[in-house]
Every structure is written in C-alpha cells, then in structure tokens.
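For reference, the structure is listed below as structure tokens.
Read the numbers this way: they start at 1 and go in the same order the structure lists the ligands and their atoms. All values below come from the heavy atoms of this structure, side chains included, with hydrogens, waters and symmetry mates left out. Just so you know, residue 1 is the first one in the sequence shown, and it goes up from there.
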Amino acid sequence: MPKQLTAPAIAARKRSDGADPLVMITAYDAPSARAVDAAGADLILVGDSLAMVVLGYDDTLQVTVDDMAHHVAAVARATPRPFVVGDLPWMSYHVDPAETVRNAATLIRAGAKAVKLEGGRKRLPMIEAIVDAEIPVMGHLGLTPQSVNAMGGFRIQGKTADAAMALVDDAKALDAAGCFAIVLEGVPDVVAQRVTEAVSVPTIGIGAGDGCDGQVLVYHDLLGIEDRMAPKFVRRYADLGTATVEALSQFVADVRGGAFPSESETYHASDDLSEALSLYAG
Ligand code: KIV
C-alpha cells in the first residue's frame, strides 16, 4: 500500500524527478471511499461531479457547499488512507475572498484535507486567500465543467496556440499562488505536456494524455456503473451497471417465483413459542 500523503508530499511528486504517477479517483460516500482506499489510490476527490453521477443533474452547477460537505463527511467517516480533496462548487468561490475562505473551511471541517477549484488567473485572489488560511488548494484548468455555459458545452480546451499559451500562463500563476497540484482536464496531450513542464507542482490529467504527473477518473465512469455516453478518455474497467441490473432482476424473479427467502434465510422460533402462537390461531 502507498503511504499516506500530505499536501507538501504531493506537491513534490513530479515524474520529471523520477516520482511515480499520482492516482486520484473520485468518491462520494463511505463505501466508495473504502473501495478507492483498498485499491491503493493516492488521492480521493469528492468531486462536484457528484451532481451528475449521484444526484442526477445534467451539469455540475446545481450542487451547493452543503451538498459537498455532506458527501465529504461521508467519505471522511470511512477514514480512508488516501488524501481527501473536496471540490468547491460553482459560486462558492466567485464572489469575495472572505466568503470563499469560509466555504473552503466548511469542506475542511467536514473532513477534507484540501479543496479544489476551477479557473486560472482570475481566481488568484480567492486562491491566495484560501492558501493564507492554511488550506491547501488544488487548481483545475482546461475543460472546467463549471464553465459549461460560458464554453458553449463540454468542449476540449487549448486547441489554438494562443489558448494553449494562456493555459500555460494560468498554470504558472496557480503554481506561484501556492496550489499544491493542478488538474488538467480535456486538453490536447502536447498542451498538457507543456503545462506539466512549466510548473513545479504535479499536474493530474483527465482527458489530457499521458504526459501529466498523475491521472484521475470518476468512480462511476471507470466502474461502468451507468451506461451513459462516456468521453473517449474514460476507460471502463468493469461493467457494474449490467451486473447490478442482473442481480436486482434475479431478486425480483426469486421473490415473484417464491424462491426467496429460503429456509436458511429465515429465522425460526422455538417449539414453545410456535405452540403458544398456535393457541391464538383463529
Ligand atoms: O468533479 C470532478 O469529479 C472533477 C474531476 C473530473 C477532476 O473535477
């Protein structure tokens, strides 16, 4: 099992220095946190993907700080060994630094060891305020799902030279502001590689090729819990959705056919109790 990581230890995990790639997987409750822990991942992200994969929304914009805190707390109650990062939801770090720090603190008090937020240079005042409050911050650049409406959909970012260089500049600014790691989502591999070389902290990619310092996938996507259209960067390691429906269908059939419960799945009373009850039988 990899050892328990801290924010400074994660910040030092550059593959260019010979470090092993970081592995982050999302989790949203105690069972998924225990599974990610047992699999030996380095970090758990309680992502705002919660909105889409657990709560049934079409995008991530609907979840609140209270929703996130509820799920961070469920993950933390499993006392997982991986380093737990709580995602700050949309509008929890956009208005003013004081409110941002209070929201970050809510996730820390719920059990996260760090927070993640989306966006580049325009988020610097918020990042600096959180770092000043001694809370480690993970950045998130590229395809930032909270910008879905501004981007006009979930679209690959950094596809022109200007956009790619702007991403590099954003990443450098986040690094200088004290972020301990940066998620790079939905960018061409050469752009992710360039960003990774430009910053001192690890990049953790999702749909960003193999040049990052680590990789992250969403729990429900990699386990195939649902059959939704997945982007091409998702590798399905299981088909739990099909296995789940098969198991549930078997239960339905067993109950309807009288095959459940069996003798061994039934509690039996003592002979005395059975006899006493029979006295009352109509
Ligand atoms: O919310 C989330 O799960 C994320 C990952 C996709 C990086 O931000």
Is D213 salt-bridged to R15, cutoff N-O under 4.0 Å?
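Between R15 and D213 there is no salt bridge, as every charged N stays at least 4.0 Å from the carboxylate O atoms.
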
Are K116 and D48 within salt-bridge range, i.e. N to O under 4.0 Å?
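Here K116 does not pair with D48 in a salt bridge, since their nearest N and O are not under 4.0 Å apart.
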
For the hydrophobic clusters of this structure (ILVMFWY residues joined by side-chain heavy atoms under 4.5 Å, transitively), does one cluster hold both [X] and [Y]?
X    : Y    : answer
I10  : V195 : yes
L55  : V46  : yes
L117 : L107 : yes

Would you check the N or O atoms of [X], main chain and side chain alike, for any that come under 3.5 Å of an N or O of ligand 1?
X   : answer
T26 : no
D48 : yes
D87 : yes

Which segment of T60 sits under 4.0 Å of ligand 1 when only heavy atoms are counted:
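None of T60 does.
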
Please state which protein non-hydrogen atom is closest to [atom] and give its distance, to 0.1 Å?
atom                   : value
atom 4 (C) of ligand 1 : L45 CD2, 3.5 Å
atom 6 (C) of ligand 1 : I206 CD1, 3.7 Å
atom 2 (C) of ligand 1 : S49 OG, 3.3 Å
atom 8 (O) of ligand 1 : K116 NZ, 3.0 Å

Determine the minimum heavy-atom distance between G111 and A76, stating which atoms define it.
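Nearest pair, atom of G111 first, then A76: CA-CB, 3.7 Å.
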
For ligand 1, which atoms have a heavy atom of G47 less than 4.0 angstrom away?
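Taking each heavy atom of G47 in turn, ligand 1 has 1 (O), 2 (C), 3 (O) under 4.0 Å.
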
Is the gap between the ring centers of Y28 and Y219 under 6.0 Å?
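That pair fails the under 6.0 Å test.
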
Are a donor atom and an acceptor atom from the side chains of E263 and H268 found within less than 3.5 Å of each other?
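E263 vs H268: donor-acceptor pair found between side chains.
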
Any atom of ligand 1 sitting under 4.0 Å from a heavy atom of H140?
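The answer is yes: ligand 1 sits under 4.0 Å from a heavy atom of H140.
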
Is M24 in contact with ligand 1, taking contact as a heavy-atom separation below 4.0 Å?
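Not so, M24 does not reach ligand 1.
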
